[in-house]
Colleague: 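Okay, handing you the structure first.
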Protein chains: 2
Amino acid sequence: MAGVSLGSRPTVKDVAAAAGVSATTVSRVLAGNYPVSASTRKRVLRAVQDLDYVINAQARALVGGTTRTVAFIIRDLVGPLFAYIGQGVEQQATAEGRVCLVCTHHGDADRELELIELMREQQAEAVVLVGGGLRTPEHLERMAQIARSLERVGSRLVLCGRPPIGPDVPATVVEYDNEGGAFAVTNYLLSLGHRRIAFIGAAEPEHTTTSARFDGFTRAHAAHGLTVDPSLVAGGTFDRESGYRQTKALLTRDTGMTAVVGITDIVASGVLAALHEAGLRVPEDISVAGYDDIPMSADLNPPLTTVHIPHEELGRSAVRLALHRDDYAQDQHLMLGTHVVIRKSTAPPRER
Amino acid sequence: MAGVSLGSRPTVKDVAAAAGVSATTVSRVLAGNYPVSASTRKRVLRAVQDLDYVINAQARALVGGTTRTVAFIIRDLVGPLFAYIGQGVEQQATAEGRVCLVCTHHGDADRELELIELMREQQAEAVVLVGGGLRTPEHLERMAQIARSLERVGSRLVLCGRPPIGPDVPATVVEYDNEGGAFAVTNYLLSLGHRRIAFIGAAEPEHTTTSARFDGFTRAHAAHGLTVDPSLVAGGTFDRESGYRQTKALLTRDTGMTAVVGITDIVASGVLAALHEAGLRVPEDISVAGYDDIPMSADLNPPLTTVHIPHEELGRSAVRLALHRDDYAQDQHLMLGTHVVIRKSTAPPRER
DNA sequence: TTGTACGCGTTATCAA
DNA sequence: TTGATAACGCGTACAA
């Protein structure tokens, strides 16, 4: 292997020297945006090969002003829902010639803010926040400030699966119809004849996802002239264990419930487990619905009725909009549709 | 908001001007590695606040020589196994104060090589390859070259879940006992009395994961004085659909098989589906085992006997070793153990 | 304790 | 078609 020197990265200068040209010429050959004679180009490319040269992205970013980098900040890398959105982000970023930075906050809202700051240091062209977030006034205010900070340096805050922060806050928003999906699935259960429907996972009312889904649940009841019975509303977190525990608790009381809506499919899988354990059949004895339509839902026993979210499309659109916001004044707020996927876990209530 | 100028990122110079000091002093305050008078520090920090200044990570990397960045290259962001390894990588990187770059190659080995090159441009301190890879001579040779290229510029190739490339190739390797796990689970089935065991997912013999697992399967047979019947070995890919199709095909022939090993849990879930559809009970009529111990395995019907891989530990160790390779001459090859997790999908064969 | 001058690797500008 | 020079934003050696 000719010409490779150990211990230090070759630079344009080294290539220039090896090719007997100036650094400028090397740069031009590599960029291909300037006329260079064929013979010179050949010599330069040869030197690049010999020295095993690659460009220094940091140096290029420093002078060029852009890093061609997109950051995405996500609760976790695991978990079927977020991973699919993340996959959409990564694919679109790659398709647009960008590199992806990824960070996880494990549900810690303050950590999320820290990470945005970190991504601002990294000069990310866009900072995509995946999934729902807090909606307390303080948090929204800090978020608004951060959005403006990013704006000032030519970057862009992107909310993916979360409602806008405020009317005058510069941010790209790609959300899905969280409330509408919850309305639709609840409405479906009500149409089947259910009147005692439990809702599991209603804690954290200041969390955007939680509140939107619960609102849809409530509105569907209202549309049928009903009000939600608070004793049928259980709290908990977004995991399977929570769905299991909350269902167990509900079963100890005589609630008369004939259907359960889990705030996510994962929660619903815990609901199913608890019901099976109690010897109840789904959907004969009790109906169960989830939310998210993660791949696993089709494999549950029985296959779960749920609300479909366009996971990947969410991520892709987020990046696409953010990177092309200067083009023909695109609308920077997109609301993607959701729809109910009817499987085997729901049926009319038993005659009592 | 005082002092924020629109449209351009503030620099140390701006902060210095605002605080009435030199750029050097600002740098020192921010780095905190040099004595600065309390009053000066205060003025500087105040200016930083006012201007909403953050450091430029690219510029710092250019002079400092290090990006504090770790890249990980993975087949997909979705898929339970890789995501967990990725999570380990991300967590350890964060714990070590690094930022993560992520790219996916969707199983395309050439694309993987391109991405490594891209990460070399990005000056990543370590480039972690997650999951198995090709093992053709050409690919190995290109891989070895790349490892040396990375080495030359102070970066490091890390193989996570893949065997070493060669003895003289500079790379950090963290693998798990793929062959041993396959041996153990096959041995378990043989010990239960099974003699006609199918292996599903044996295509791509040049893929490291595939071949290691099939080797373990073969060796277990040999240890019992048996040879593998080729008619019980089916090919296919790593997905559920493949497991389903291959099983269907096996069932059309009278193979006499009493047990099936899927090359992954996902494949095994397809196997289960095909068996159920054929009216066969698991494990009464036929036993099924998988590989990977992804979370879903415990929820399959019946819960799947499988081989556990220390997913997250794999990712964490990979990053830890790579970043500390200068410390006290650490061994840069780690082999983590696997073990069989016995659940409900395996039992002794029926008396015939 | 603080400041000046230079260099990191690249590209843009200007001149030849 | 090619080259010299300056500049990007920061850290560091050296000087004060």
Colleague: Could you walk me through whether B/S149 and A/D52 pass the side-chain hydrogen bond (donor to acceptor under 3.5 Å, both in side chains) test, one step at a time?
Modeller: CA-CA 7 Å; B/S149 296; A/D52 194 28; 2.4 Å; yes
Colleague: Check residues 93-101 of chain B and write down every donor-acceptor pair under 3.5 Å in which the side-chain atom is one partner and the other belongs to a residue at least two apart or another chain.
Modeller:
| unit_1 | atom_1 | unit_2 | atom_2 | d |
| --- | --- | --- | --- | --- |
| B/T94 | OG1 | B/E90 | O | 2.9 |
| B/T94 | OG1 | B/E90 | OE2 | 3.1 |
| B/E96 | OE1 | B/H324 | NE2 | 2.8 |
| B/E96 | OE2 | B/Q92 | NE2 | 3.0 |
| B/E96 | OE2 | B/H324 | NE2 | 2.9 |
| B/R98 | NE | B/E125 | OE1 | 3.3 |
| B/R98 | NE | B/E125 | OE2 | 2.8 |
| B/R98 | NH1 | B/E96 | O | 2.6 |
| B/R98 | NH2 | B/E125 | OE1 | 3.0 |

Colleague: Show every donor-acceptor pair shorter than 3.5 Å between a side-chain atom in residues 16-23 of chain B and any protein atom, with sequence neighbours excluded, or say none if there are none.
Modeller:
| unit_1 | atom_1 | unit_2 | atom_2 | d |
| --- | --- | --- | --- | --- |
| B/S22 | OG | B/T24 | N | 3.4 |
| B/S22 | OG | B/T25 | N | 3.3 |
| B/S22 | OG | B/T25 | OG1 | 3.2 |

Colleague: Hey, does B/E313 have a side-chain heavy atom less than 4.5 Å from the side chain of B/R320?
Modeller: yes
Colleague: Would you mind listing every salt bridge (Lys or Arg N to Asp or Glu O under 4.0 Å) that reaches into residues 30-47 of chain A, with sequence neighbours excluded?
Modeller: A/R46-A/D50
Colleague: Is A/R28 positioned over the aromatic face of A/Y34, cation under 6.0 angstrom from the ring centre and no more than 45 degrees off axis?
Modeller: yes
Colleague: Which parts of residues 15-25 of chain B get close to DNA chain C, meaning a heavy atom less than 4.0 angstrom away?
Modeller: B/V21, B/S22, B/T24, B/T25
Colleague: By side-chain hydrogen bond (donor to acceptor under 3.5 Å, both in side chains), which residues pair with A/T40, not counting sequence neighbours?
Modeller: A/S37
Colleague: Suppose we screen for side-chain hydrogen bond (donor to acceptor under 3.5 Å, both in side chains). Which residues come up paired with A/E117, at least two apart in sequence or across chains?
Modeller: A/R120
Colleague: Report yes if some heavy atom in the side chain of A/L129 is under 4.5 Å from a heavy atom in the side chain of A/I116; otherwise report no.
Modeller: yes
Colleague: Among residues at least two apart in sequence or on other chains, which ones pass side-chain hydrogen bond (donor to acceptor under 3.5 Å, both in side chains) with A/E114?
Modeller: A/R111
Colleague: Just wondering, are more than 12 heavy atoms of other shown residues or ligands nearer than 6.0 Å to CZ in B/R60?
Modeller: no
Colleague: Using the C1' atoms of the five pairs at each end, what is the angle between the end axes of the helix from C/dT1-D/dA16 to C/dA16-D/dT1, to 10°?
Modeller: 40°
Colleague: Counting C-beta onward and ignoring hydrogens, is there a side-chain heavy-atom pair between A/H139 and A/T136 closer than 4.5 Å?
Modeller: yes
Colleague: Do B/P10 and A/R152 come within less than 4.5 Å of each other through their side chains, counting heavy atoms only?
Modeller: no
Colleague: For a 4.0 angstrom threshold against heavy atoms of chain B, report the outermost contacting nucleotides of DNA chain D in 5' to 3' order.
Modeller: D/dG9 to D/dT12
Colleague: Taking for each residue the nucleotide of DNA chain D with the nearest heavy atom, is it B/Y53 or B/R28 whose nucleotide lies nearer the 5' end?
Modeller: B/Y53
Colleague: Under 4.0 Å from any atom of DNA chain C, heavy atoms only: list the residues of residues 57-71 of chain B that qualify, in numerical order.
Modeller: B/L62, B/V63
Colleague: Under 3.5 Å, is there a donor-acceptor pair between the B/T208 and B/R135 side chains?
Modeller: no
Colleague: Between atom CD1 of B/I85 and atom CG of B/L314, what is the distance when rounded to the nearest 0.5 Å?
Modeller: 5.0 Å
Colleague: To the nearest 0.5 Å, what is the distance between CG on B/L77 and CZ on A/F72?
Modeller: 5.0 Å
Colleague: Given side chains that start at C-beta, do those of B/V89 and B/V158 come closer than 4.5 Å, heavy atoms only?
Modeller: no
Colleague: Of all of residues 30-47 of chain A, which get a heavy atom below 4.0 angstrom from DNA chain D, listed by number?
Modeller: A/Y34, A/P35, A/V36, A/S37, A/T40
Colleague: First contact, last contact: which nucleotides of DNA chain C are these for chain B, 5' to 3', heavy-atom distance under 4.0 Å?
Modeller: C/dT1 to C/dG9
